[in-house]
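Values below: all heavy atoms of this structure, side chains included; hydrogens, waters and symmetry mates excluded.
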Amino acid sequence: MFDFLKIKSKIISIEVFFRENEDPLYRYVAFSKKGTQIDFSFDNQESITWQEMPTNLLKKNTAIIFVFTGKGIISKRTLANSTLTQTQLLKTAFPNSDIEDFYYTIQEYPNDVIVSMVRKSLAKPIIDQFQNKGVFIIGLYVGPSVVQSVLPYISPQKSKIPCGNCELIICEKKLEEINYNHCGTELISISGEPINSAGLIALGGVFHHISYTYSHSENQDVEINLMASEHHYYLKNTHVAKFSLIAFFFLLLCNFLLFDKYNKSSRDLEAKVGSFSNLLVEYDSLKSDFSKKKNFLESAGLLGNSRISFFADRIASDLPQTMNFESVNIFPIIESDEKTEELLAEKGLVRINGLTPNPVLLNEWVTNLSAYKWVKKITVQNYNKNSDNSLSKFEVLIQINSQ
């Protein structure tokens with residue numbers, strides 16, 4: 001029955017009938033999917049109060065559709081106008097109303113439309129009351145005009161259908177009028193299935209939500225849209241979870257079957273690693289030495305274009321014949337302390353120790369070197385006169401430009 005409806009899970013459609021100075025009355029229908037079949041059930045032929053609502057009906061995560069009818073519902077028929085926007089159409093039907101304060105449903109026909117509205121302040125307590133039960137409210141519709149979506153499936157066609165709280169006047173499969181002065185119910189046939197007409201409006205809510213003959217529109221609340229989206233992903237994630245459990249069980253089975261094989265391979269590899277442990281230790285030691293030496297060469301600037309030979313050649317070429325070098329240390333190594341073995345080089349520094357017969361030659365040589373562009377600064381650190389010969393010891397520091 002109703003297999004043409006694209007229902008993926010259980011949906012409960014509830015007609016909420018507002019009464020003056022009394023609590024609302026409820027009628028509901030439930031659709032559920034079993035395989036490829038869509039089952040329909042309607043248990044309350046008489047309206048019930050909230051206290052009489054079956055406790056097992058509003059299970060957590062159930063999808064709910066509301067259809068608000070009765071006292072406080074404003075309905076108006078107006079001529080169709082394709083040039084008007086939805087907001088303009090509402091303003092035309094209810095010129096003095098603030099649309100943001102209402103939920104509405106617009107049932108469109110070829111020549112006219114039925115606009116039904118209800119104040120949010122009236123409907124919101126009902127929404128909150130159901131939402132506190134942990135259900136998903138996926139649709140909210142206003143007025144009995146939602147039955148238009150189910151009228152084409154009624155056979156034989158009727159001109160009047162009592163729906164318990166109102167009477168629907170129908171002409172050529174089109175809802176013409178809603179009469180609240182006549183109540184009662186009767187059996188009608190929908191797609192060959194006899195049902196009590198008391199559930200027709202609630203039934204129309206499901207048809208209106210899923211499949212419809214004429215077009216319709218409504219301003220679903222942001223919270224309603226969010227819950228509808230959450231319900232969609234809840235169903236999607238439920239199927240994903242089922243497949244995930246199956247896949248997880250399959251992976252556990254494969255893991256159990258292959259564990260012994262991989263465990264044996266692991267033991268063989270561990271034995272091989274143990275037999276070559278000494279080579280691994282030696283490799284780590286060589287790698288550490290290589291890293292230290294590489295770091296030293298990088299810090300000393302010897303891996304790039306260091307120009308050490310150029311500096312040595314220039315320093316030696318200008319040395320007077322009567323002067324001698326005892327040592328020329330380009331980028332000298334800094335002695336490390338006892339706590340570390342790291343070697344560092346004083347990049348950009350040349351330390352020269354030598355002998356000179358007199359200070360004049362030393363000063364001239366220093367002056368000549370300082371004229372080079374690559375010499376940033378040159379200083380005489382020490383100058384000592386030896387008592388046993390005519391030569392004096394000196395120490396000169398040259399700082400080299402980085403460019």
Side-chain angles (χ1 to χ4, degrees), residues 2 5 7 10-20 22-32 40-54 57-58 62-75 103-105 107 114 116-120 122-131 133 135-151 153-154 161-170 175 178-188 190 195-210 212 216 218 220 224:
F2 303 137
L5 295 177
I7 295 177
K10 184 176 182 179
I11 295 179
I12 298 176
S13 180
I14 300 177
E15 177 193 358
V16 182
F17 182 79
F18 292 109
R19 299 183 293 174
E20 187 172 5
E22 293 186 80
D23 292 336
L25 295 177
Y26 302 89
R27 279 193 174 98
Y28 63 87
V29 295
F31 283 85
S32 59
F40 159 81
S41 63
F42 172 63
D43 298 328
N44 59 325
Q45 298 182 8
E46 298 294 331
S47 297
I48 60 175
T49 63
W50 172 256
Q51 291 74 17
E52 297 170 331
M53 190 74 67
L57 181 69
L58 304 178
T62 300
I64 300 293
I65 293 174
F66 281 132
V67 180
F68 292 112
T69 62
K71 189 70 175 179
I73 307 301
I74 308 173
S75 295
Y103 295 115
Y104 62 83
T105 294
Q107 183 68 53
I114 296 178
S116 301
M117 305 174 66
V118 64
R119 287 193 175 274
K120 291 183 178 180
L122 180 63
K124 195 65 169 66
I126 304 299
I127 297 173
D128 294 339
Q129 191 175 35
F130 277 80
Q131 191 175 355
K133 293 292 184 179
V135 300
F136 291 107
I137 301 173
I138 63 173
L140 186 155
Y141 307 106
V142 183
S145 60
V146 296
V147 300
Q148 180 61 58
S149 300
V150 77
L151 291 182
Y153 301 98
I154 298 177
I161 301 178
C163 296
N165 297 318
C166 65
E167 183 181 56
L168 306 179
I169 309 301
I170 302 166
L175 179 63
I178 302 168
N179 188 350
Y180 286 99
N181 296 324
H182 294 80
C183 302
T185 62
E186 65 180 33
L187 285 178
I188 58 177
I190 299 179
I195 68 169
N196 192 291
S197 62
L200 185 62
I201 294 178
L203 183 67
V206 177
F207 277 70
H208 186 84
H209 183 80
I210 298 174
Y212 49 88
H216 58 267
E218 45 275 327
Q220 299 290 344
I224 301 297

Pro54: what forms a side chain to side chain contact (heavy atoms under 4.5 Å, CB included) with it, not counting sequence neighbours?
Tyr28, Ile48, Asn56, Leu57
Specify the closest pair of heavy atoms between [X] and [Y], including all atoms of both residues, with the distance to one decimal.
{"X": "Cys163", "Y": "Arg27", "result": "O-NH1, 3.7 Å"}
{"X": "Ala123", "Y": "Phe18", "result": "CA-CZ, 4.3 Å"}
{"X": "Val29", "Y": "Gly199", "result": "CG1-O, 3.8 Å"}
{"X": "Val135", "Y": "Thr62", "result": "CB-O, 3.4 Å"}
{"X": "Pro144", "Y": "Leu168", "result": "CB-CD2, 4.1 Å"}

Separation between [atom1] of [X] and [atom2] of [Y], rounded to the nearest 0.5 Å:
{"X": "Ile170", "Y": "Gln148", "atom1": "CD1", "atom2": "CD", "value": "8.5 Å"}
{"X": "Ile127", "Y": "Lys120", "atom1": "CD1", "atom2": "NZ", "value": "9.0 Å"}
{"X": "Leu25", "Y": "Asn165", "atom1": "CG", "atom2": "CG", "value": "6.5 Å"}
{"X": "Lys71", "Y": "Glu20", "atom1": "NZ", "atom2": "CD", "value": "4.5 Å"}
{"X": "Ser13", "Y": "Ile201", "atom1": "OG", "atom2": "CD1", "value": "10.0 Å"}
{"X": "Ser149", "Y": "Leu203", "atom1": "OG", "atom2": "CG", "value": "10.0 Å"}

Output all residues satisfying side chain to side chain donor-acceptor pair (under 3.5 Å) with [X], sequence neighbours left out; order by chain, then residue number.
{"X": "Ser116", "value": "Ser75"}
{"X": "Gln131", "value": "Glu223"}
{"X": "Asp128", "value": "Lys124"}

For the residue pair Ile64 and Leu58, establish whether any side-chain heavy-atom pair is separated by less than 4.5 Å.
yes
Among Val146, Val118, Thr69, exactly one meets side chain to side chain contact (heavy atoms under 4.5 Å, CB included) together with Tyr141. Which residue is that?
Val146
Go through the steps for Leu200 and Ile190 under the test side-chain contact (heavy atoms from CB on, under 4.5 Å), then give the verdict.
CA-CA 10 Å; Leu200 185 62; Ile190 299 179; 3.9 Å; yes
Sequence neighbours left out, what passes salt bridge (Lys or Arg N to Asp or Glu O under 4.0 Å) with Glu52? Give chain and number order.
none
Partners of Phe130 by ring pair (Phe, Tyr, Trp, His ring centres under 6.0 Å), sequence neighbours excluded?
Tyr26, Trp50, Phe66
Does Gln107 use its side chain to pair, donor to acceptor, with the backbone of Ile114 at less than 3.5 Å?
no
Kindly indicate, with the supporting measurements, whether the criterion side-chain contact (heavy atoms from CB on, under 4.5 Å) is fulfilled by Ile65 and Ile14.
CA-CA 6 Å; Ile65 293 174; Ile14 300 177; over 6 Å; no
List the steps and the verdict of side-chain contact (heavy atoms from CB on, under 4.5 Å) for Val147 and Ile161.
CA-CA 11 Å; Val147 300; Ile161 301 178; over 6 Å; no
Evaluate the side-chain contact (heavy atoms from CB on, under 4.5 Å) criterion for residues Val16 and Ile126: first the C-alpha distance (whole Å), next the side-chain angles of each, then the deciding distance (0.1 Å), finally the verdict.
CA-CA 9 Å; Val16 182; Ile126 304 299; 4.2 Å; yes
